[in-house]
Protein chains: 2
Amino acid sequence: MSERELRRNLAILPIGTVRELTLLTDRQIRYYEKNNLVHPERGKGGQRRFSLYDVDQLLKIKDYLEAGDSIKDIQEIFAKQQRKAQEKHNSQDALRRSLQSEFAKIGRFGVK
Amino acid sequence: MSERELRRNLAILPIGTVRELTLLTDRQIRYYEKNNLVHPERGKGGQRRFSLYDVDQLLKIKDYLEAGDSIKDIQEIFAKQQRKAQEKHNSQDALRRSLQSEFAKIGRFGVK
DNA sequence: GAATTTGTGTTAGATTTCCTGACATCTCAT
DNA sequence: ATGAGATGTCAGGAAATCTAACACAAATTC
């Protein structure tokens, strides 16, 4: 994972901040969590910690709901996006590996 | 200010998160604030809210202190950095303005 | 070398935020 | 009408944060 992705996925925000950033209520945020749409971590005392990625997801949820989609619809939408991201990830990995092995054959860049 | 800068300066982190990110104690963080080295905002109930920029500043403070500098030294260092950033900002503004007025003369790009 | 300053630890009590669980309400679709 | 889905609201408790004060070691100043 890139540095940028790491930062994006750092669980650093309490629910109060997320509430302000998304204009959702605590109730809504917790409900979406219960329905597996977001997955905040928990701090030492058991309080939720959200990442910036979570905030993005919550904003998407908001949009989808306002567009008439149900929680279940959104679960499927996210599952689909998840699969695509995974494929993309895999194909990038594959590309990288094949490029590296090509370079290794040419012998100009070591694959360390 | 750019979108990126805006995000960087958004006051979103409670002191607990900042404590974990910097490995400083609350006491230290508050002391540095009292000495004008960081300037967290306050939430509705009066609790501190730090930005990612604040976190960076705190990490710098930590480095400087470990390097033997005093709080006052750091105040001056920051003041100097502040002035330089300001100058850079101004010169960028000046450049932008002069470019815009050049374009305006040529008449191809309106200065909105 | 005694006195002061500096940076930090620690504690206490009050306030704010967050937690879970339950019950209520409203809107659709059946 | 009935039931499911999404949200509001409330209660009681736990966790996080706040300020102010006292303590203290190390460095600095007189």
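Throughout, protein chains are lettered first and strands after them, A, B, ... in sequence-line order, and every chain is numbered starting at 1. Every value quoted in this text rests on a predicted model; they were computed, and no experiment measured them.
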Evaluate the side-chain proximity of [Y] to [X]: yes if any heavy-atom separation is below 4.5 Å, no if none is.
X     : Y     : result
A/I61 : A/L24 : no
A/L37 : A/Q57 : no
A/T17 : B/R49 : yes
B/Q81 : B/K60 : yes
A/Y31 : A/I71 : yes

In [range], what residues come within less than 4.0 Å of DNA chain D, judged by heavy atoms?
range                     : answer
residues 31-45 of chain A : A/Y31, A/Y32, A/G45
residues 62-82 of chain B : none
residues 9-24 of chain A  : none

Go through DNA chain C in 5' to 3' direction and return only the first and the last nucleotide with some atom under 4.0 Å of chain B's heavy atoms.
->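 First and last nucleotides in contact are C/dT6 to C/dT17.
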
Can you tell me how far the CD atom of B/Q82 sits from the CD atom of B/E87, to the nearest 0.5 Å?
->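 Nearest 0.5 Å value for the CD-CD distance: 11.0 Å.
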
To the nearest 0.5 Å, how far apart are CD in B/E20 and CD1 in B/I15?
->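 Atom-to-atom, B/E20:CD and B/I15:CD1 are 11.5 Å apart.
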
Can A/L21 be reached from A/Y53 by stepping across I, L, V, M, F, W or Y side chains whose heavy atoms are under 4.5 Å apart?
->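 Hydrophobic grouping puts A/Y53 apart from A/L21.
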
Got a donor-acceptor contact below 3.5 angstrom from the B/D69 side chain to the B/L65 backbone?
->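 Flag not set: sc B/D69 to bb B/L65 has no pair under 3.5 Å.
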
B/R8 and B/S51: side-chain donor and acceptor closer than 3.5 Å?
->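 There is no such pair between these side chains.
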
Does D/dA15 have OP1 or OP2 sitting under 4.0 Å from an N or O in the side chain of A/Q47?
->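 Answer is no, no contact under 4.0 Å.
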
Not counting sequence neighbours, list each pair that qualifies as a salt bridge (Lys or Arg N to Asp or Glu O under 4.0 Å) and has a residue in residues 25-36 of chain B.
->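 Pairs touching residues 25-36 of chain B that pass the test: B/R19-B/D26, B/D26-B/R30, B/E33-B/R42, B/E33-B/R48.
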
Per-nt protein contacts along nucleotides 21-30 of chain D (heavy atom under 4.0 Å; B base, S backbone sugar-phosphate only, - none) come out as ----------

